[in-house]
Each structure stands twice: as structure tokens, then as C-alpha cells.
> 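Sharing a structure below in C-alpha cells format, with a few things to ask.
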Amino acid sequence: MQESIVRFENISMQFPGVLANDDVSFDIKKGEVFALVGENGAGKSTLMNILYGINKPTSGNVYIKGQKVEKFSPSDAISHGVGMVHQHFMLVPSFTVAQNIVMSKEPRKYGIFYNLKEANNITRRLVEEYGLEVEAEDTVEEISVGLQQRVEILKTLYRGADVLILDEPTAVLTPQETEELFQVIRKIVEEKQMTVIIITHKLYEVMAISDRVGVMRQGKLVGVEETKNVNERILASMMVGREVLFDDIEKTGEPGEVQIKADNLYVADNRGLMAVNGVSLEVRAGEVLGIAAIEGNGQSELLEALTGMRPVQRGEFYIQGEKSNGKTPGQIRELGLAHIPEDRVATGVSLQSTITENLIIGKQRQSAFSKYKLHLKQSSVVRYAEELFEKFDMRGSGIETAVGSLSGGNMQKVVVAREFSFDTPILIIAQPTRGVDIGAIEFIHKQIIKKRNEGCAVLLASADLDEVFRLSDRIITLYEGKITGEFKAGEIDKMGISYYMTGSRDADTQKEEGGAQNE
Amino acid sequence: MNKLTDSLRNNKSYLTSLVLSIVAALLIGAVLMLVTGYNPVEGYAAMLKGVFGNSRVFGNTLAKMLTLCLTGLAMAVCSKAGMFNVGGEGQLFLGGLAATMTGVYLQGVSPLIAVPLAFLSAAVVGGFYAWIPAVLKVKLNVSEVITTIMLNSVAIYFCSYLTNSSGPLRTDDKGVLGGTEAVPDAFMFDQLIPRSNLSTAIIYSAAIAFICWYVMKKTSVGLEMKVTGENPRFAFFSGLKKDNIMIWAMIASGAICGLVGMFEVYGYQQRFLDSISNEFYYDGMLVAMIMNYSPLGIILMSFFFAVIDIGAGAMELSVGISGELSDIIFAIIIFLMAAEGGIRKYLNEKKIQKKAREELELRKEAK
């Protein structure tokens, strides 16, 4: 067996209110491609930030090439030969490729003058040596994202890295660029004996590129496997499965009228690539439609489109029978929709505002809370906030606390409390319990089912399969922005559905052909 | 009552460090006086005398205070909604000029008609001049910081052109350089303290300050502004018309600045001069930033700034200590307050880390 190049020993990382890494131990071997997978918030980035010296672990040790890391700083990590390419590139856009590559270790003439010519030469030598084609004299802001990523990789190689961490490297790439990146990775591993650690949640990439794979969930390492011994389905269940068993919640009533209708919807992601490819669905009053999908398969974009947060490229959707393409979130809310967003910190709350302020937003102009829609009735507002604070069992030092100082679970309760108390006939819910403790999960689940039983139409997307199975009346699977299956509750089990979530071999080849036609 | 103690507790550490910063700044000022060979007791006594010595100087101090207070509030209003208006100076110039020319052209008309029209023109012109960068920001994402700074120069030089040598609005009055015709006496605000700069503008200012405080702290609109300023995506998500909120906050800010320009003219200068404001808006911005954009804080702090500013002038005249001392004292307060944020953050971070380690220990023991 090859020698170990990086060793994590009982690493724990405690952030206030969140245990991001919980007693993680494993080895990474010299000359391998190691994939680290897990949902958002599973702790993979935290762990890699520790290796790269950005975070100091609360307890535990890191060994690089047998040496214990004493001082956690990126410059120290670099001197140990660790390089990291972040998801968001750290390049100076107005500099040339060569200037970016030699930055912090610039070649000099007579010890003081910047030697641009030498920088260009160094770049060309690196390009030749590693086979990563880029033009030394191009300006970084004018080259494609894929090439910028190469510049980042070359930068770490120039600094002498032999352990390369790639944080979600394919998140910003087109399929074509992804394939090129993989070729580069294979090349530097085979020819230069580099070690590559790749953080991702795209399982087919794990299968395509890695030698071994480590799966993380809620801060813990679930397991490390040889890639050839696993498949996407096994990895998916390792990633999203949860051991905790909940009681069944009683569901009553029959589905009623169609409340949400989407007709052949196409939605682009932030890069302008199509993330939702012709999705049609209907959600009726009194039912929960669950979307089961591995992250990054279009569920986020779909939900954002239906709530007005993201423009629709093609197709139509109807909220309560009214065509809602092009409407703002405010206009869609007026039609009777409430929304629990996927990213509560960025979208769901105002961190500096108090719990009260976060709870009242949306109702601040109702006559119960303001005179002439203007003068806030302070006492009614406070009474209302206190009521919700009690009812939703929020913990913290009272309703005047800034939401930013709450734990993830309590913050989510603020969002849930606000959105549920609009009493709308439609709820669109994304990741309702991500990063939330077990007690709060149970509570939020009960609230969702209560809404359903009261006749609310609920569209739910969750990366947690247990959650989807527990709450949904019907389940659809999304893969690469297309619906790959639709099931009634109880018709299928978790193993079966993960087959549809990862797209079968057949679906894969069809997709590639379809993709070629689109281009 | 409960709420009051709560908010006091929340702001206690901030207020404590503010008071400490001021004391430290005054002490350093005293040291500077000693080093340069003056008696600090004498210096500060002259400063106090220059502010509270008689009703005239006190009136001047209050007049200075209301300028600082209104410009500070103008800054607070827009920054609340996430807009950073650096263009108050230009809005002040144009608003002042508009109000002046309204007065000049309406000579002979009843003040009951002319003065309200002057108010209106100052607010509309100031507001319009802030609307331009606001729309550019909201629709095209052009940084309002850059555009407002640029528009300052445009406004100031434009006014200078209009009121100088061959400019169309220059006066022929002797002894006036770079100014317009005078506003008729009938339109001028009444002097509250004879021979001082203090006029009934202070009443209008108090009203504006009250409205600012009321809207920002007590209304649904204020809440919407706050949320928009803190997290625009959340505001959009919540269905707020965030673009409108940002634009109107900027217009309000510009309108207030326009009115400050008018008060300068109708309060005591009587005509628009191209030197109408000596970077008043930037002083107001400083006051607003030091007080974390809190309306009440701005009102209090602008009084303190006015005391130091007017007092330092008097000190220079009577004791000979350079009036630049006021700038040094302001700079030290700002410096210390800026450092305070950093120091507090550092201590907080330490506390959190310690708590985290304890939490982890507890978990281990539980296992």
C-alpha cells in the first residue's frame, strides 16, 4: 500500500452552535485522487480549510508527510506542499495569467525589479510540464472560467504543491470543461505523483475520477471506501441517510384542486446553463409533493423560479390558476404562497435585525400591526412575536435578540414561524431541516403535515431522503433538471429511488446526446 | 420601561467606549496644548466661553449643530436602506441655489406663498439630484458612491459658473463675489438670537429631525428600509419593493440636503454664495458614522461637534491656540471609535472560542 501523505487524527471543529467536524480520522495516500463527498454543511469544506490552515481545529491533530502541523496558517500549509483551489477563484482579474501565477513569489531582477519576462517564461515552462494549456500573456478577466481554474491550479503548482485540494471544482464548469479538468487531474497524478483531494457532491464525478472516496454527514465521517467497491446508489444512501427513526405522523384528508402547475419549465442557473430542463408538475391542495434529488440537479432553481426569485426561460407556471411568469416574489406571495428558502442565511432572514423584526416582515402593513399602514403598533407587534416565539419553541434570550446570533435550528424556526403564519394555501419548502437539530426537525415536520392536513398544497425539496419519504404523498425524482420518475408514497423504497436520482446508464447516454443537440 | 433598559443594555458598551474615546481625545488635545506651550485649562475654558459665553455665540453653535444634525440624518436615512450617499454636498448646493432663485424671482409675492415654494424647490431639486445616482444604482448597478462623488463636483462647479464673472445668475451688488441676488428681507427666517446665525430654521430642522427619527424607528416604512439595507435579497424574497425603497431613501436624503442649503441662505446668508458650504455634508457623514446611523445619537453628537468646532475658533482668537485642534480632536475620536469596533470583535471572538472549547469538553465527558 502507498504511504500516507495526509493524516487526520480525531479532528473536531466547533463553531458557535455548530459542530462542523466531529471526531474525524482518516488517511490520504500519496498519489491518489481522494474524493470527499457530502451534502452542504456536512463539514467537508471545514475539514479542508483545516488542512489548508485557514481554520484551527478545536481538537485533534493533522499530519502532513508524517509531520504534525503545529501552526495553522495557509502560508505554513503551502510550505508543506499543500495547495488549495477555492470554489471562488482568488485571482486578480486585471492581471495577466503569468502575473497571477507568480504572485507572492515573483521572479526579480537585481533583487528588486519585477521580472515580467521571467514570469512569462516560468508560466510557459509550467504549462509545458503539466500540460495545462493557457496563454501566459492573456488577461485573466478575459479568459473562460475553465481556464481561470487552470491558472489557479498552476499557481499552486508553482508554489511547489504536491497535495492539491480542489473545492467543488466542477460547480462552475460546463460538462466539456469538467472532462478537460479530469484529464488534467489524471495527468498530474500519474505523471507527477501528485495527490489530489476533490470536494464534491456530484456522485458521477466521484465515480469517474477518484481512487478512494470519503463520505461525510453532519460533521462525521460515515466511511472511506475504495471507489471501485461502491456505486452512486451506495454513496447516495451514505450521504443522505439518517439512522434516527421518527414516528409516523397522521395524514388526513383528500387532495383537492390544483394549486401549483408548471408546464414544460426551463430555468437557467447562475452560470446561464439550463438547470431545469422541461419540468411539468402539479401540486394539489392537501398534498405534499416531494422532490428527491441529489444536490445540483435543478431542484433549487425550480423552486426559486416558482416563487419568483429566478426568471423562467421557457414554459409557464400557474399559482392558484393564475399565470405567474415574470411576477416578483411580492406579487406571487399575494396570490397566496409562502416560501421557506433553501439558504436561510442569505435569503430567509436579516441577520442584524431582531427576531421580532424578522417575524413581522410581510405583515408590517396589515391593520393589526400598523395604523394607516404606517405607524407600527409596537405592543401588538411584540405580543405577536412573543406568541410565535412560544409556539415555535424558539430558544434564545428573547425576541429582541439579533437573528444572526441564533443557532441554525432556531434561525430556521424563525423562518418557518414567519412563513407558516401567513396562512397561505400554498407552501414551497426547500431544505426545511438542513443543519437543524433532531428535536427541531420533528417539530418542523409536524408543522408541515399539519399544514397539509389543513388543505395546504405543499411542494417540498430536500436532500434528506428520509424527510422526503416521511412527508410526501407523491415523490418525483429530478436528475440533471429532468423528472426521471414519479411515485406514490409507499410505492418505492430508498434504494429503489436512488436509482432514479442518479439517472440510469441509459438516461446518462440520452442526456449526453440531448446536450449535444442543445448546443 | 423594560424596552428602554433593554436598549440601554444593548448600547451600553458602545456608549461607554464613545464616552471614553471623547475623554481620551480631549486629554490628548490637552497634551498637545501643553506641548505647544499653552495652558490646557485656559484653552478649554476659552473654548467653553466661546460656546456658552453669551447668547450670540451660543446661537452660532446651535446653528452649526442643526447643519451637522440634518446632514448627518440625511446620511442615516439613505444608509439605512443600503445606499451610501456621498453626494450631499452637491445636493446642498443645488437645493440652496433653487430656493434662493425662487425667492429672488418671487419678489413682491406674499411670503406665505413664496417661502413654501422655496422649501418645495429646495427639496425637489435636492431630491432629484439624488434620484439620478439612485436609479443608476438600482437599475444598472452603478456604484452610488462613485456617482455621488462625481456629481458633487458637477453641482459645485455648475453653481460656481452660474454665480461668477459672466454667469447668468451673478449679482451686480458691490462687494459680492460669486453670489446671486439677495432674497427679499420679507422671506428671510426670523432671527431668534440677535446678531447670531440662529434663526427659526431650528424649528424646521427640529421638525425634520423628528420626522426622520419617527420614520426610521416607529413605522413600517422604517422597518422595510432597515431590512432592505441589511439584506436586499431577503427584502426581495419577502415581497418588499426594494428598488423603490432604495430610490426613495436616496431622494429623501437629497431633499434634506437641499433644505440644508436653503436654511443656510434663508437663515443668515441671504444670498446663494458659491462658498455656501465648507464641506458641511462630510462633517455630517462623520457624525452619522460615529453614531452608527442612530437618529437620536446623531442629534446629540452634532451638538458636541458644534461645540468643539465653534469653540476651537474662539480659542484661537482669545488664547492663540490653533483652531485646527478641533480637527485633531475629531480625528482622534473617529480613530478610537474605529479601533473600538476591532477590539470588541477580537475580544468577542476569544470569548466564543473559549465557549466552543468548553462545549466540546462537555460533549466528551457526556460520551
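Remember, predicted model here, so these are calculated numbers, not experimental data. For the numbers below, each heavy atom of this structure counts, side chains included, while hydrogens, waters and symmetry mates do not. Residue numbering restarts at 1 for every chain, and letters A, B, ... go by the order of the sequence lines.
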> Counting heavy-atom pairs under 4.5 Å with chain B, which one of A/G348, A/G398, A/G362, A/G308 comes out on top?
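That would be A/G348.
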> Under 4.5 Å, heavy atom to heavy atom, which residues of residues 240-257 of chain B contact chain A?
B/L240
> Do A/V24 and A/M216 touch side chain to side chain, with heavy atoms closer than 4.5 Å?
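Yes, their side chains come closer than 4.5 Å.
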> Can you tell which part of A/K373 gets under 4.5 Å to a heavy atom of chain B, answering side chain, backbone, both or neither?
backbone
> Can you tell which part of A/V415 gets under 4.5 Å to a heavy atom of chain B, answering side chain, backbone, both or neither?
neither
> For the residue pair A/E342 / A/S300, report whether a side-chain donor-acceptor contact shorter than 3.5 Å exists.
yes
> With a 4.0 Å cut-off on N to O distance, would you call B/K80 and B/E224 a salt bridge?
no
> Of the backbone (N, CA, C, O) and the side chain (C-beta and beyond), which part of A/E334 lies under 4.5 Å from a heavy atom of chain B, both, or neither?
neither
> Does A/S12 use its side chain to pair, donor to acceptor, with the backbone of A/D23 at less than 3.5 Å?
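Yes; judged by distance alone, with no hydrogens or angles, the pair exists.
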> Does anything in residues 127-148 of chain B get under 4.5 Å of chain A by heavy atoms, and if so which residues?
none
> Can you list everything that forms a salt bridge (charged side-chain N to carboxylate O under 4.0 Å, His left out) with A/E304? Sequence neighbours excluded, please.
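Here the qualifying residues are A/R310, B/R233.
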> Are any side-chain N or O atoms of B/N231 and backbone N or O atoms of A/A346, one a donor and one an acceptor, separated by less than 3.5 Å?
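Yes; judged by distance alone, with no hydrogens or angles, the pair exists.
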> Would A/T354 and A/V403 count as a side-chain contact (heavy atoms from CB on, under 4.5 Å) if you check the C-alpha gap in whole Å, the side-chain angles of each, and the deciding distance to 0.1 Å?
CA-CA 6 Å; A/T354 62; A/V403 163; over 6 Å; no
> Counting heavy-atom pairs under 4.5 Å with chain B, which one of A/V349, A/I361, A/T328 comes out on top?
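Highest number of pairs under 4.5 Å: A/V349.
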> Going by the ring pair (Phe, Tyr, Trp, His ring centres under 6.0 Å) test, which pairs reach into residues 358-380 of chain A, not counting sequence neighbours?
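Output for this query lists A/F369-A/Y384, A/H375-B/Y214.
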> Of B/T71, B/I298, B/L300, which meets side chain to side chain contact (heavy atoms under 4.5 Å, CB included) against B/V287?
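Testing B/V287 for a side chain to side chain contact (heavy atoms under 4.5 Å, CB included) against B/T71, B/I298, B/L300 leaves exactly one candidate, B/I298.
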> Can you check salt bridge (Lys or Arg N to Asp or Glu O under 4.0 Å) on A/E357 and A/R418, steps first, answer last?
CA-CA 10 Å; A/E357 288 166 334; A/R418 181 187 61 230; over 6 Å; no
> Between the side chain of A/T347 and the main-chain N/O of B/F234, is any donor-acceptor distance below 3.5 Å?
no
> Between the side chain of A/D343 and the main-chain N/O of A/V345, is any donor-acceptor distance below 3.5 Å?
yes
